[in-house]
Amino acid sequence: MIKNKNYIQHRENIAIVTGASSGMGWEFAREIDGEPDLEEIWLIARRKKNLDMLAKKLKKKPVILTLDLQNPASIALFKKKLEKENPKVQFLVNNAGIGAVGYAHDISLERQTQMIDLNVRALTEITLVSIPFMVENSRIIQVASSAGFAPMANFAVYAATKAYVINFSYALGGELKNHKISVNIVCPGPVKTEFFEVASGNKPPRLAADPLEVVRLALKDAKKGKTFSVYG
């Protein structure tokens, strides 16, 4: 177990899924729900109505955390929740993220910094505050994107944030190897989720992947200890 002097007596075995209100986050929660040793699934997103709907579909005990991870105060609340409940985090799925399509100079500065806040800062903080509650065979699943493998015009800031996720997670996996905590980096191409509607106002491309298939491959690859899971 990672060094954690303040918390000795662990309680529930849990999974944490951010961005759980739709798309891949929703599917991750549904699939992880079948893990036999889990007792709770913490569902994190802004839309409580969606989380309530998801909670009704789960067999494991759902814990709904209606948080806006772009707000540092929400990260602080999450950290306090961990410290109070003192769980054993078996799965952490960092799925929350946003994008914007267009030339960087045409997209508002507010929108650009929101991408950085959620895709980079929040993912980093959620990861780092969760690690002290992990044990051997815990798994961190970081949802990046194939866009993170190279610079992309019309997607400049988004692709850059996902490049950060890839490099941060790759290095973190090396650091945690001796603790037997795995880090899996999920890098799909286009997926049939709300992402494209939010990013550009358009529907997903015709050949976009089924989010459930992407999630199933990611969990399969994570259990095999693979560093990357690339669907399609």
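In this chain, residues are counted from 1 in sequence order. Computed from heavy atoms alone, side chains included, the values below leave out hydrogens, waters and symmetry copies.
- Between the side chain of N94 and the main chain of Q142, no donor-acceptor pair closer than 3.5 Å is present.
- To the nearest 0.5 Å, the span separating CG on N184 from NZ on K220 amounts to 13.0 Å.
- Side chain of D221 to main chain of K226: no donor-acceptor pair is present (N/O by atom type, distance under 3.5 Å, no hydrogens or angles).
- Taking OG of S229 as the reference point, atom CD1 of I185 lies at 10.5 Å (rounded to 0.5 Å).
- Residues V89 and W42 have side chains not in contact (no heavy-atom distance under 4.5 Å, counting atoms from C-beta outward).
- Atom OG1 of T161 and atom CD of Q112 lie 10.0 Å apart (nearest 0.5 Å).
- Closest non-hydrogen pair, R47 versus S22, comes out as NH2-OG, 3.1 Å.
- I32 and L217 end up in the same hydrophobic cluster when Ile, Leu, Val, Met, Phe, Trp and Tyr side chains are linked at under 4.5 Å.
- Note: I126 CD1 to I131 CD1 = 11.5 Å, rounded to the nearest 0.5 Å.
- In this structure, E213 does not pair ionically with K192, as no charged nitrogen and carboxylate oxygen lie closer than 4.0 Å.
- Checked by atom type and distance alone, the side chain of K60 pairs as donor or acceptor with a backbone atom of E35 at under 3.5 Å.
- Listed here is the closest heavy atom pair of L69 and A96: CD1-CB, 4.3 Å.
- Heavy-atom neighbours of F168 CZ from other residues, nucleotides or ligands within 6.0 Å: above the threshold of 12.
- Of all heavy-atom pairs between L58 and A29, the closest is CD2-O, 3.7 Å.
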Under the criterion side chain to side chain contact (heavy atoms under 4.5 Å, CB included), I'd like the reasoning laid out for I98 against R111: C-alpha separation, chi angles, the key distance, then a yes or no.
CA-CA 9 Å; I98 54 173; R111 186 63 171 168; 3.9 Å; yes
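- Here the rule is salt bridge (Lys or Arg N to Asp or Glu O under 4.0 Å) with K61, and of E40, E39, E12 only E40 fits it.
- Of all heavy-atom pairs between E136 and H179, the closest is CG-O, 3.7 Å.
- Checked by atom type and distance alone, the side chain of S145 never pairs as donor or acceptor with a backbone atom of C187 at under 3.5 Å.
- Taking 4.5 Å as the limit, some side-chain heavy atom of W26 sits within range of a side-chain heavy atom of K57.
- To the nearest 0.5 Å, atom CD1 of residue I16 and atom CG of residue L92 are 5.5 Å apart.
- In this structure, the side chain of T113 engages the main chain of E110 through a donor-acceptor pair within 3.5 Å.
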Taking it one step at a time, do D52 and K56 satisfy salt bridge (Lys or Arg N to Asp or Glu O under 4.0 Å)?
CA-CA 7 Å; D52 287 339; K56 293 176 182 178; over 6 Å; no
What do the steps show when you test V191 against Y231 for side chain to side chain contact (heavy atoms under 4.5 Å, CB included), and what is the final call?
CA-CA 10 Å; V191 183; Y231 184 92; over 6 Å; no
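- No donor-acceptor pair under 3.5 Å is formed between the side chain of S21 and the backbone N or O of N50.
- Counting heavy atoms from C-beta on, the side chains of I14 and E85 never come closer than 4.5 Å.
- Counting non-hydrogen atoms of neighbouring residues, nucleotides and ligands closer than 6.0 angstrom, the CZ atom of R46 reaches no more than 12 such neighbours.
- Here the CG atom belonging to N154 is positioned 8.0 Å from the CD1 atom belonging to I107, to the nearest 0.5 angstrom.
- Taking the six-membered ring for Trp and thresholds of 30 and 60 degrees, F228 and F149 have ring planes inclined between 30 and 60 degrees apart.
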